[in-house]
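First the proteins, then the strands, lettered A, B, ... as listed; each starts at 1. The figures that follow rest on heavy atoms only: side chains count, while hydrogens, waters and symmetry mates do not.
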Amino acid sequence: MLDIRLIRENPDYVRERLATRGGDAHLKIDEILECDRQRRELETRLQALNGDRKRLSKEIGGKRAKGEPTGEIEEQVRGIGMEISSLNEQTAQADATQRDLLLQLPNLPHDENPIGKDAADNPEVRQWGQKPSYDFSLADHVTLGAKLGLFDPERASKISGSGFVCFTGQGARLERALINFCLDLHTRQHDYLEVSPPFLIRRDAMVGTGQLPKFEDDMYGLENGEVFLAPTAEVPVTNLHREEILALSELPKRFVAYTPCFRREAGSAGRETRGIIRVHQFDKVELVKLATPETSWDELEKLTANAERVLQMLGLHYRVIELCTGDMGFGSAKTYDIEVWAPGQNAYLEVSSCSNYTDFQARRMNLKFKDAEGKNRFCHTLNGSGTAMPRLFVALVETWQQADGSIQIPEALQPYFGAAEIR
RNA sequence: GGAGAGGUGGCUGAGUGGUCGAAAGCAGCGCUUUGCUAAAGCGCCGUACCUCAAAAGGGUACCGGGGGUUCGAAUCCCCCCCUCUCCGCCA
């Protein structure tokens with residue numbers, strides 16, 4: 001959520017920044033300003049009336065104590081009371097309208113972000129390793145998975161419908177090994193605190209991180225829309241300290257969490273349906289940071305590096321791209337995507353999206369810290385996958401496949417997997 | 001699921017219709033006393049919003065959330081959320 005004062009004082013700047021995202025958010029600014037103007041006018045009038053009532057009511061108290069008659073004043077206050085209740089309603093309405101409008105507005109992209117329209121305009125920041133070459137004909141993960149019995153999408157669809165996967169045998173073990181490998185890496189080497197959060201999320205928390213109210217169609221809702229299945233651990237973990245004022249000394253806070261993630265993937269029907277690249281439920285290890293505005297940009301670089309480390313240790317070639325203004329997520333001010341090379345797809349797959357949300361989420365969830373001057377300010381929140389499992393799984397089996405159809409397990413993963421190969 | 005208790009400022013905790021944004025204590029900040037530490041004394045010490053060109057100042061709201069009763073609500077009534085205890089069920 002953007003600061004209404006920023007919009008009020010620098011409407012042109014806000015409009016211009018929002019326009020770089022594409023979409024029509026920048027066209028809403030006039031409506032918001034008008035709403036804000038009305039709201040403040042109502043509020044000022046309401047406050048004056050409240051003041052009158054407060055003063056006169058006290059007067060009644062005083063007169064009663066002295067045994068003086070109060071009927072006339074009471075009549076007067078009754079009249080004020082009726083005015084107040086009508087004005088109160090209007091003010092609350094204006095308040096709600098303004099909040100609704102603000103909640104629909106995406107975050108401002110960072111001033112130095114590359115300007116662009118869509119994914120085609122995302123500049124590459126760096127690459128690690130290189131595309132492996134093979135002297136045999138490559139299989140993709142679907143073929144490998146079927147041959148080695150690693151997962152079973154057909155049977156998963158019998159119980160859950162299309163877009164679900166059931167890992168089996170060595171595949172299930174590999175999935176579990178990857179989760180544990182990532183958790184251990186981030187807790188032991190990168191100093192994140194492991195949390196295992198609930199997966200059912202209340203509306204407020206979903207609003208806090210920005211999934212609601214705008215993207216309800218992408219979420220799985222339960223209990224008549226009271227709670228939702230977590231689409232990412234970002235939601236429960238970032239909300240951990242909502243409505244709190246953190247001490248400067250405890251920032252930045254670093255969390256890592258494994259959760260399954262549930263996404264309806266509405267609007268992407270038919271895309272990437274082969275294999276396990278886009279599914280409604282997948283495992284992910286997520287990194288979350290709560291930081292100060294002074295350090296958050298630096299923390300984003302570190303968080304991205306922490307996520308990259310997963311791929312490096314598994315010997316997987318990847319590239320990091322910076323999202324242009326038109327391709328960034330709703331709440332993000334700056335995002336790096338990490339894309340791992342999947343030889344069987346002949347394509348890079350997004351396995352992590354590392355973002356600084358600045359105070360966008362913190363404002364929604366009222367998450368603050370006390371700065372060195374003792375002032376309460378909004379935190380900056382960050383998150384990134386470290387990493388998403390199914391695509392990591394895909395890249396791993398496709399990269400490390402052998403001529404004989406077996407899959408070699410990278411050394412760093414062997415202690416977790418318990419073997420050096422799958423055959 | 002049933003029965004009960006409770007949610008007040010950073011913390012503890014008073015306050016059952018009026019002058020209460022809220023006693024007191026603790027913590028914190030400043031000053032005084034002091035050789036240092038300790039202690040004592042004094043003062044300050046919530047948040048949001050509105051108003052103001054800005055600062056100063058002024059104002060309104062907030063005692064879990066929402067609604068109601070009343071001239072007036074932390075206090076009375078209703079609904080919801082959360083926490084705790086006991087019972088039931090259960091991995």
Side-chain angles (χ1 to χ4, degrees), chain A residues 1-11 32-103 196-208 212 222-228 236 239-251 253 260 290 359 362-379:
Chain A
M1 190 159 69
L2 299 183
D3 186 355
I4 183 62
R5 274 172 298 195
L6 176 71
I7 299 175
R8 198 187 297 152
E9 285 158 24
N10 303 289
I32 290 171
L33 286 172
E34 176 56 20
C35 180
D36 178 51
R37 198 191 57 71
Q38 284 177 21
R39 192 200 102 243
R40 283 186 295 155
E41 189 192 312
L42 286 167
E43 201 158 308
T44 304
R45 277 163 57 201
L46 177 63
Q47 289 185 2
L49 287 175
N50 267 326
D52 291 345
R53 176 167 73 177
K54 194 174 179 180
R55 211 174 43 251
L56 291 170
S57 291
K58 279 186 183 174
E59 216 174 287
I60 291 171
K63 282 188 189 283
R64 287 238 177 128
K66 285 187 264 174
E68 294 172 15
T70 56
E72 204 175 304
I73 309 184
E74 278 181 40
E75 197 47 50
Q76 193 185 347
V77 180
R78 211 188 315 270
I80 294 175
M82 293 198 303
E83 248 186 287
I84 285 176
S85 65
S86 119
L87 207 50
N88 211 1
E89 214 167 289
Q90 294 177 57
T91 309
Q93 185 57 52
D95 245 353
T97 304
Q98 178 172 318
R99 184 172 166 82
D100 284 351
L101 285 167
L102 286 175
L103 285 175
S196 179
F199 310 151
L200 255 45
I201 314 286
R202 297 171 57 157
R203 277 199 106 80
D204 283 354
M206 295 287 277
V207 171
L212 295 186
L222 284 75
E223 301 281 347
N224 257 327
E226 291 289 305
V227 291
F228 297 83
N239 274 287
L240 264 181
H241 291 281
R242 76 193 328 268
E243 284 150 52
E244 289 185 36
I245 301 170
L246 302 172
L248 186 57
S249 59
E250 53 188 331
L251 297 176
K253 279 186 172 290
L290 312 179
D359 61 2
R363 201 177 288 282
R364 287 170 165 246
M365 63 178 73
N366 199 20
L367 167 64
K368 298 186 172 181
F369 72 102
K370 205 172 269 297
D371 73 9
E373 277 78 52
K375 294 198 60 156
N376 297 337
R377 293 160 62 200
F378 288 110
C379 293

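- Look at G25(B): its Watson-Crick or wobble partner, with both distances under 3.5 angstrom, is C11(B).
- Across the strands present, G17(B) finds no partner; the criterion is a Watson-Crick or G-U wobble pair with both atom distances under 3.5 angstrom.
- Per the geometry, CZ belonging to Arg377(A) stands 18 Å off C1' belonging to A48(B), to the nearest Å.
- Nucleotide A40(B) is matched to U32(B) when pairs are restricted to Watson-Crick or G-U wobble geometry with both distances under 3.5 angstrom.
- Taking a 6.0 Å sphere around CD of Glu72(A), one finds it holds 12 or fewer heavy atoms contributed by other residues, nucleotides or ligands.
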Q: Go through Asp95(A) and Arg39(A) one step at a time and tell me if the side chain to side chain contact (heavy atoms under 4.5 Å, CB included) criterion holds.
A: CA-CA 7 Å; Asp95(A) 245 353; Arg39(A) 192 200 102 243; 3.2 Å; yes
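- Between Lys63(A) atom NZ and G72(B) atom P there is a gap of 18 Å when expressed in whole angstrom units.
- Using a 4.5 Å heavy-atom cutoff, the side chains of Ile201(A) and Val227(A) are not in contact.
- Separation of the C1' atoms belonging to G10(B) and G46(B) is 9 Å when rounded to the nearest angstrom.
- Base pairing of G6(B) is made with C82(B), judged by Watson-Crick or G-U wobble geometry with both donor-acceptor distances under 3.5 Å.
- What separates CG of Leu248(A) from P of G28(B) is a distance of 18 Å, to the nearest Å.
- Atoms CG (Asp36(A)) and C1' (C49(B)) sit 11 Å apart, rounded to a whole Å.
- Within residues 77-84 of chain A, the residues that place at least one heavy atom under 4.0 Å from RNA chain B are, in residue-number order, Val77(A), Arg78(A).
- Residue-environment remark: CD (Glu68(A)) exceeds the threshold of 12 foreign heavy atoms within 6.0 Å.
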**Q.** Residue pair Leu103(A), Arg364(A): steps toward the side chain to side chain contact (heavy atoms under 4.5 Å, CB included) verdict
**A.** CA-CA 8 Å; Leu103(A) 285 175; Arg364(A) 287 170 165 246; 3.6 Å; yes
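- For Arg5(A), the listed nucleotide lying nearest its side chain is C49(B); candidates were U47(B), C82(B), C49(B).
- Atom NZ in Lys368(A) sits about 15 Å away from atom C1' in G10(B), given to the nearest Å.
- Two residues, Asn376(A) and Glu75(A), neighbour RNA chain B, and the one matched to the more 5' nucleotide by heavy-atom proximity is Asn376(A).
- Rounding to whole angstrom units, CG of residue Leu49(A) and C1' of C50(B) are separated by 14 Å.
- Between Cys379(A) and Leu251(A) the shortest heavy-atom distance is SG-CD1, 4.4 Å.
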**Q.** Where protein sits on nucleotides 57-67 of chain B, one letter per nucleotide: B base, S sugar-phosphate only, - none, heavy atoms under 4.0 Å
**A.** --BBS------
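- Between Gly61(A) and Arg40(A), it is Gly61(A) whose nearest contact on RNA chain B lies nearer the 5' terminus.
- Arg8(A) places its CZ atom 7 Å from the P atom of U51(B), with the value rounded to the nearest Å.
- A distance of about 30 Å separates the P atoms of C44(B) and C52(B), rounded to the whole Å.
- G18(B) atom C1' lies 13 Å from atom CD of Glu59(A), rounded to whole Å.
- The two residues Leu246(A) and Glu244(A) come nearest to each other via the heavy atoms CD2-OE1, 3.8 Å.
- A salt bridge links Arg5(A) with Asp3(A): the closest approach of a Lys/Arg side-chain nitrogen to an acidic carboxylate oxygen falls below 4.0 angstrom.
- Residues Arg37(A) and Glu34(A) share a closest heavy-atom pair of NH2-OE2, 2.9 Å.
- A gap of 16 Å separates the P atoms of G21(B) and G64(B), to the nearest Å.
- Between C80(B) and C26(B), the two C1' atoms lie 34 Å apart (nearest whole Å).
- Nucleotides A73(B) and U8(B) have their C1' atoms positioned 14 Å apart, rounded to a whole Å.
- Residues Gln93(A) and Gln98(A) have side chains not in contact (no heavy-atom distance under 4.5 Å, counting atoms from C-beta outward).
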